[in-house]
2 protein chains.
Amino acid sequence: MDYSQMELYLKAVGDHNRMLILKYLMKEALCICEFTELLDMTQPAISQHMRKLKAAELVMEEKRGRWTIWSLNTRHPQYPILLHLLSLLPEPERTIESLAAEGKRVICE
Amino acid sequence: MDYSQMELYLKAVGDHNRMLILKYLMKEALCICEFTELLDMTQPAISQHMRKLKAAELVMEEKRGRWTIWSLNTRHPQYPILLHLLSLLPEPERTIESLAAEGKRVICE
DNA sequence: TTATTATATAAGCAAATACTTATCGATAGC
DNA sequence: GCTATCGATAAGTATTTGCTTATATAATAA
């Protein structure tokens with residue numbers, strides 16, 4: 001891995017909101033609309049974060065109908081390091097379940 | 001480690017020039033004036049990078065006369081991860097030895 | 001077809017970042 | 001004391017970043 005790739009990689013991970021996104025993706029694949037609820041951000045903001053994560057090859061996207069399902073790229077050479085770094089972070093307070101309790105569950109299919 | 005600390009940590013490491021600085025520090029403790037030659041940067045630029053690295057507790061400084069000797073903080077809880085990340089990067093082309101060959105060795109004492 | 005939904009993209013903006021030059025403080029040597 | 005050197009800090013600047021709102025694209029539903 002050269003210095004530019006490493007910089008891309010560390011900058012992709014090194015953002016509060018993207019760490020949250022990656023934390024959520026450790027548990028399950030999710031679509032953009034679910035992230036907008038989980039992070040309380042606009043849809044374009046989430047899309048742009050996913051673009052950054054994808055540029056660093058940290059995530060994969062799968063188009064399913066209208067939805068784009070995002071998941072961690074487990075084949076990334078540094079995937080084990082990513083898991084380790086994420087394991088150092090606390091679980092996000094908001095979850096899909098807690099959103100469901102508020103009646104905000106996004107069904108996505 | 002909370003999200004803010006992790007962000008500070010990853011942003012400190014996630015810069016091309018700071019990765020070079022850390023790479024050099026893996027081999028030996030160095031002073032600011034040596035880095036200015038190794039990275040071909042101005043002295044204030046190096047000082048500012050060291051300040052960022054220190055804020056993330058990645059490096060330690062020791063005042064010795066006029067010089068400040070910088071070294072890796074081997075006591076940092078995530079020091080092993082840092083070493084692993086740095087090990088993925090190629091050795092810098094310029095070295096203290098190659099500078100010596102150009103007659104640019106900074107003696108520092 | 002037309003409307004709705006999920007996402008991507010474009011353009012604009014404020015804040016952060018990585019430099020620069022200029023200057024200040026502290027130490028060492030004369 | 002005076003001067004030179006190492007380093008920190010301040011101020012200025014161009015670029016990057018992370019958002020915003022507005023709009024475009026594509027798939028589903030009516």
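In this text, all values refer to a predicted model and were calculated from it rather than measured experimentally. Lettering of chains follows the sequences in order, A, B, ..., and the numbering in each one begins at 1.
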Return the value, rounded to whole Å, for the distance between atom [atom1] of [X] and atom [atom2] of [N].
X	N	atom1	atom2	answer
A:W67	D:dA27	CH2	P	13 Å
B:E62	D:dA8	CD	P	14 Å
A:I69	C:dA6	CD1	C1'	11 Å
B:K54	D:dG7	NZ	P	14 Å
A:M50	D:dT17	CE	P	18 Å
B:I32	C:dA26	CD1	P	18 Å
B:E37	D:dG7	CD	P	12 Å
B:L30	D:dG7	CG	C1'	15 Å

B/S/- along nucleotides 18-26 of chain D (protein heavy atoms under 4.0 Å) is SBBBB----

Exam field: side chain B:K23 to backbone B:E91, donor-acceptor pair closer than 3.5 Å: no

Heavy atoms only, 4.0 Å cut-off, all strands: where does B:S47 land among base, sugar-phosphate and nothing? base

With sequence neighbours left out, write down each residue that passes side-chain hydrogen bond (donor to acceptor under 3.5 Å, both in side chains) with [X], or none if nothing qualifies.
X	value
B:Q5	none
A:S71	none
B:E97	B:T95

Identify all side-chain donor-acceptor contacts of residues 48-57 of chain A below 3.5 Å with residues at least two apart in sequence or on another chain.
from	atom 1	to	atom 2	distance (Å)
A:H49	ND1	A:R18	NH1	3.0
A:K54	NZ	A:E61	OE2	2.5

For residues 73-87 of chain B, the side-chain hydrogen bond (donor to acceptor under 3.5 Å, both in side chains) pairs (sequence neighbours left out) are none

